[in-house]
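Naming: A, B, ... by sequence-line order, numbering from 1 per chain.
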There are 2 protein chains.
Amino acid sequence: MTGMTAPHTSFSPADNPRLGLRERKKIKTREAIRTAMYALVAEQGYDATTIEQIAERAEVSPSTVYRYFPTKEDIVLTDEYDPLIMAELRARPADEPWPVSLRHVMHRAIRMGMKEDPVVSRLRTRLMVEVPAVRSRMMESMSSTGRMLRQAIGERTGLDPDSLEVRVYAMSIVGGLLETSMYWAEQEHEPDYDALIDRALNVIEHGLPPENH
Amino acid sequence: MTGMTAPHTSFSPADNPRLGLRERKKIKTREAIRTAMYALVAEQGYDATTIEQIAERAEVSPSTVYRYFPTKEDIVLTDEYDPLIMAELRARPADEPWPVSLRHVMHRAIRMGMKEDPVVSRLRTRLMVEVPAVRSRMMESMSSTGRMLRQAIGERTGLDPDSLEVRVYAMSIVGGLLETSMYWAEQEHEPDYDALIDRALNVIEHGLPPENH
DNA sequence: CTGGATTTTGAGAGCTACTCTCATTTCATG
DNA sequence: CATGAAATGAGAGTAGCTCTCAAAATCCAG
């Protein structure tokens with residue numbers, strides 16, 4: 001009743017006063033839905049959590065949930081790393097060898113995602129391994145990541161981004177990295193993610209290591 | 001009423017007299033459902049086709065459709081190339097270099113799938129490009145293909161099939177080949193599929209070709 | 001060939017993700 | 001504060017998918 005906003009423990013774009021009230025509310029709603037879903041999934045598991053429950057906890061109507069997220073899986077997943085990766089790639093020196101750039105950028109992306117919210121990022125990879133629908137949705141988003149990547153490769157190498165070669169190359173990278181994150185989740189997130197990424201990129205660049213026997 | 005079987009234009013496992021009546025009927029039902037779905041999709045498109053319609057045309061109940069296929073997408077997709085690929089891989093000479101074996105086997109698999117029913121195989125790849133749910137399901141089946149592949153790689157190279165390296169390698173191959181089939185479908189199936197596979201495997205083996213400028 | 005065990009099928013109820021429409025409320029602005 | 005625009009809520013409806021139970025088809029002994 002006072003018009004004062006409740007205290008927050010962390011900052012978010014919702015607190016940016018330059019945005020109109022409408023925009024700030026939208027961001028808050030989005031966050032509320034995500035938070036509600038994460039909590040419910042932690043309590044009951046993914047499948048047992050219904051949109052209705054999420055709506056109730058987030059204090060919105062089910063309709064609103066669907067307005068903000070096209071599918072249930074998207075509530076857990078969408079966080080848009082792609083534009084971030086793209087920007088970082090463009091920021092690398094133009095004469096840097098392509099694989100080196102890729103390595104740098106992947107490491108930065110990982111670090112950002114982890115620093116931001118390690119709990120969420122682990123929950124997400126765990127759901128990827130455990131819930132088929134989520135994994136499926138994740139793989140679906142692979143194709144758009146692939147498109148972005150081949151765009152970047154095109155800019156950098158001068159090759160046609162729509163050629164079969166570039167497309168295959170981009171998709172094999174995306175596939176390899178996705179497998180890496182699943183591996184990480186399956187190992188209970190215990191290994192160093194950065195190191196795994198490095199090993200994965202090694203394989204993609206140079207093929208399998210020689211067998212030792 | 002005569003006990004005579006109706007004439008067939010093509011042979012199928014359903015005609016194998018060594019199987020009991022029960023088994024033969026099951027195979028026929030499976031085929032009937034698939035055929036019904038393919039026809040309806042050709043007529044109306046994927047989304048407009050409901051399970052009820054499929055059941056009606058296949059002359060079974062909706063319950064039965066679900067008994068034979070876990071999801072709608074599976075009616076279009078499942079055809080189990082994996083065991084076939086695995087068998088072919090094992091049949092290659094043990095001292096043949098791994099990439100050579102892979103190339104042979106992929107070509108054989110393609111040829112078999114095409115010869116068997118080129119219409120269906122094109123419809124399938126087209127749906128993969130056009131219907132997100134189908135593409136998604138296809139990618140999901142990638143992971144099991146990946147598992148099979150890394151098993152084979154393990155047998156051949158002596159590397160641990162569960163190591164990150166082998167897993168990443170297998171998944172990058174699968175990702176690259178999936179992209180190839182999408183490329184093929186997007187080009188209206190006009191290019192020679194075999195040639196595309198070769199170019200894709202080249203990229204996976206040797207990386208991108210040098211830019212020509 | 002027949003009777004009983006087993007498997008397959010059909011009917012139907014039920015759940016939930018997701019879509020669409022329309023009235024109501026909430027914010028922006030002159 | 002009034003007017004227009006945007007966000008929300010309520011509710012009905014579709015379709016994929018699951019489960020249960022009784023009826024029908026198949027198998028197999030005797």
*Does one side chain, of B:Thr64 or B:Ser61, offer a donor that lies under 3.5 Å from an acceptor on the other?*
yes

*Separation of A:Gln53 atom CD from C:dC15 atom C1', in whole Å?*
13 Å

*asked:* Taking the cut-offs as 6.0 angstrom to the six-membered ring centre and 45 degrees off its axis, would you call A:Lys72 and A:Tyr66 a cation-pi pair?
replied: no

*asked:* Less than 3.5 Å apart, any donor N or O on the side chain of A:Thr125 or A:Ser181 sitting next to an acceptor on the other?
replied: no

*Residue pair A:Glu155, A:Arg150: steps toward the salt bridge (Lys or Arg N to Asp or Glu O under 4.0 Å) verdict*: CA-CA 9 Å; A:Glu155 289 178 11; A:Arg150 73 199 206 212; over 6 Å; no

*Ignoring hydrogens and angles, state whether a donor on the side chain of A:Ser136 or B:Arg137 is under 3.5 Å from an acceptor on the partner side chain.*
no

*Contact state string [nucleotides 13-18 of chain D, B base, S sugar-phosphate only, - no protein heavy atom under 4.0 Å]*: ---BBB

*Could you state the atom-to-atom distance from CD1 of B:Ile54 to P of C:dG10 in whole Å?*
15 Å

*Nearest-Å distance, CZ (A:Arg24) to P (C:dT26)?*
17 Å

*Does a side-chain N or O from A:Lys25 land closer than 4.0 Å to OP1 or OP2 of C:dC27, or not?*
yes

*asked:* Taking A:Gly45's backbone N and O only, do any of them form a donor-acceptor pair with A:Thr49's side chain (distance below 3.5 Å, no angle check)?
replied: yes

_Using only atom types and a distance under 3.5 Å, with no angle test, would you say the side chain of B:Gln53 pairs donor to acceptor with the backbone of B:Thr50?_
yes

*Say whether, by atom type as modelled, one donor and one acceptor occur between the side chain of B:Arg135 and the main chain of B:Glu130 under 3.5 angstrom.*
no

*Can you check whether B:Ile75's main-chain N or O pairs, donor with acceptor, with B:Arg34's side chain at less than 3.5 Å?*
yes

Is there any protein nitrogen or oxygen under 3.5 Å from a nitrogen or oxygen in nucleotides 5-8 of chain C, and what are the pairs?
{"from": "C:dT6", "atom 1": "O2", "to": "B:Arg22", "atom 2": "NH2", "distance (Å)": "3.3"}
{"from": "C:dT7", "atom 1": "O4'", "to": "B:Arg22", "atom 2": "NH1", "distance (Å)": "3.4"}
{"from": "C:dT8", "atom 1": "OP1", "to": "B:Lys26", "atom 2": "NZ", "distance (Å)": "2.8"}

*To the nearest Å, give me how far apart CD1 (A:Ile33) and P (C:dA17) are.*
14 Å

*Could you walk me through whether A:Arg92 and A:Glu88 pass salt bridge (Lys or Arg N to Asp or Glu O under 4.0 Å), step by step?*
CA-CA 7 Å; A:Arg92 303 297 309 174; A:Glu88 294 277 352; over 6 Å; no

*Could you tell me whether A:Glu205 and A:Arg103 make a salt bridge, using a distance below 4.0 angstrom between a side-chain N and a carboxylate O?*
yes

Between the protein and nucleotides 28-30 of chain D, which nitrogen or oxygen pairs come in under 3.5 angstrom?
none

